[in-house]
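This report concerns only the one structure given below.
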Amino acid sequence: MGYRTIGLGSAMVVSAAAALAHTGVENPAVLARMDGMKAMADQMEVLVPMARGEEPFDAARVAAALDALEQYALEAPELFRAPESDPASEALPAIWEDYADFEARSDDLLGAVRAASSTGIEGRDALVPAVRAIGAACSACHEDYRAEQ
């Protein structure tokens, strides 16, 4: 049915790559950012298989994942506020060249997560567009602000 669109496939790859990227990080601020991004990817790993129909829909797990995503989305702008660097960082300098845009994209992610939470997702048919919207918000930011892996 074409459910493999933005957000449904990339979350799994992001999480695996994030685990490898943490190796050798020396700057604690960069490590905190990476941990936050990994935590968001972990929540997408809960949602994506259900949206794809690879796992049974579980409303409690969906709600918990969305709650966690909301918390991490709220924290993300502060984690990136200071232009910290580390050789293992995937954050591009463009973040700090236009921090207002980065912050706006973080707000877009938060809005997508809150919209999904507010609908009270009760089935796969409602989960799919929510995951697409969240994935699109993640991808939009990653396209301009994250180095390719």
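Only a predicted model underlies this, so the values are computations on that prediction, with no experimental measurement involved. Along the sequence shown, residues are numbered consecutively beginning with 1.
- Taking 4.5 Å as the limit, some side-chain heavy atom of Arg81 sits within range of a side-chain heavy atom of Glu78.
- Looking at Phe80 and Glu103, their side chains never come closer than 4.5 Å, going by heavy atoms from C-beta outward.
- Within the 4.5 Å cutoff, side-chain heavy atoms of Leu47 are placed close to those of Val62.
- The shortest non-hydrogen separation linking Trp96 to Ala91 is CH2-CB, 3.9 Å.
- A heavy-atom distance below 4.5 Å is not found between the side chains of Asn27 and Ser85.
- Listed here is the closest heavy atom pair of Ala76 and Met40: CB-CE, 4.3 Å.
- Residue-environment remark: CD (Glu55) exceeds the threshold of 12 foreign heavy atoms within 6.0 Å.
- Atoms CE and CD, on Met37 and Glu90 in that order, are 11.0 Å from each other to the nearest 0.5 Å.
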### Task
Take Leu74 and Leu110 through the side chain to side chain contact (heavy atoms under 4.5 Å, CB included) test and state the conclusion after the steps.
CA-CA 7 Å; Leu74 282 166; Leu110 184 59; 3.5 Å; yes
#### Entry: side chain to side chain contact (heavy atoms under 4.5 Å, CB included) between Ile134 and Leu66, intermediate numbers included
CA-CA 10 Å; Ile134 294 166; Leu66 291 173; 3.7 Å; yes
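- Residues Ala65 and Val46 come closest through the heavy atom pair CB-CG1, 4.0 Å.
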### Task
With side chain to side chain contact (heavy atoms under 4.5 Å, CB included) as the test, would you mind laying out the steps for Leu109 and Cys138 before giving the verdict?
CA-CA 7 Å; Leu109 171 61; Cys138 291; 3.9 Å; yes
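- Using a 4.5 Å heavy-atom threshold, the side chains of Met50 and Arg61 count as touching.
- Taking Tyr99 as the reference, Phe102 meet the ring-ring contact (aromatic ring centres under 6.0 Å, His included) condition, with sequence neighbours excluded.
- Between Arg33 and Ser89, some side-chain heavy-atom pair lies under the 4.5 Å cut-off.
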### Task
Walk me through it: do Val131 and Arg52 pass the test side chain to side chain contact (heavy atoms under 4.5 Å, CB included)?
CA-CA 10 Å; Val131 169; Arg52 286 184 177 161; over 6 Å; no
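- Between the side chain of Arg124 and the backbone N or O of Phe57, no donor-acceptor pair lies under 3.5 Å.
- Residue pairs satisfying the side-chain hydrogen bond (donor to acceptor under 3.5 Å, both in side chains) criterion with at least one member in residues 62-72, sequence neighbours excluded, are listed as follows: Glu70-Arg114, Gln71-Glu75.
- Interatomic distance, CD1 of Ile95 versus CG of Asp144, reported as 10.0 Å (0.5 Å rounding).
- The structure places CG of Leu31 at 12.0 Å from CD of Glu84, a figure rounded to the nearest 0.5 Å.
- Between the side chain of Asp86 and the backbone N or O of Glu26 there is at least one donor-acceptor pair closer than 3.5 Å.
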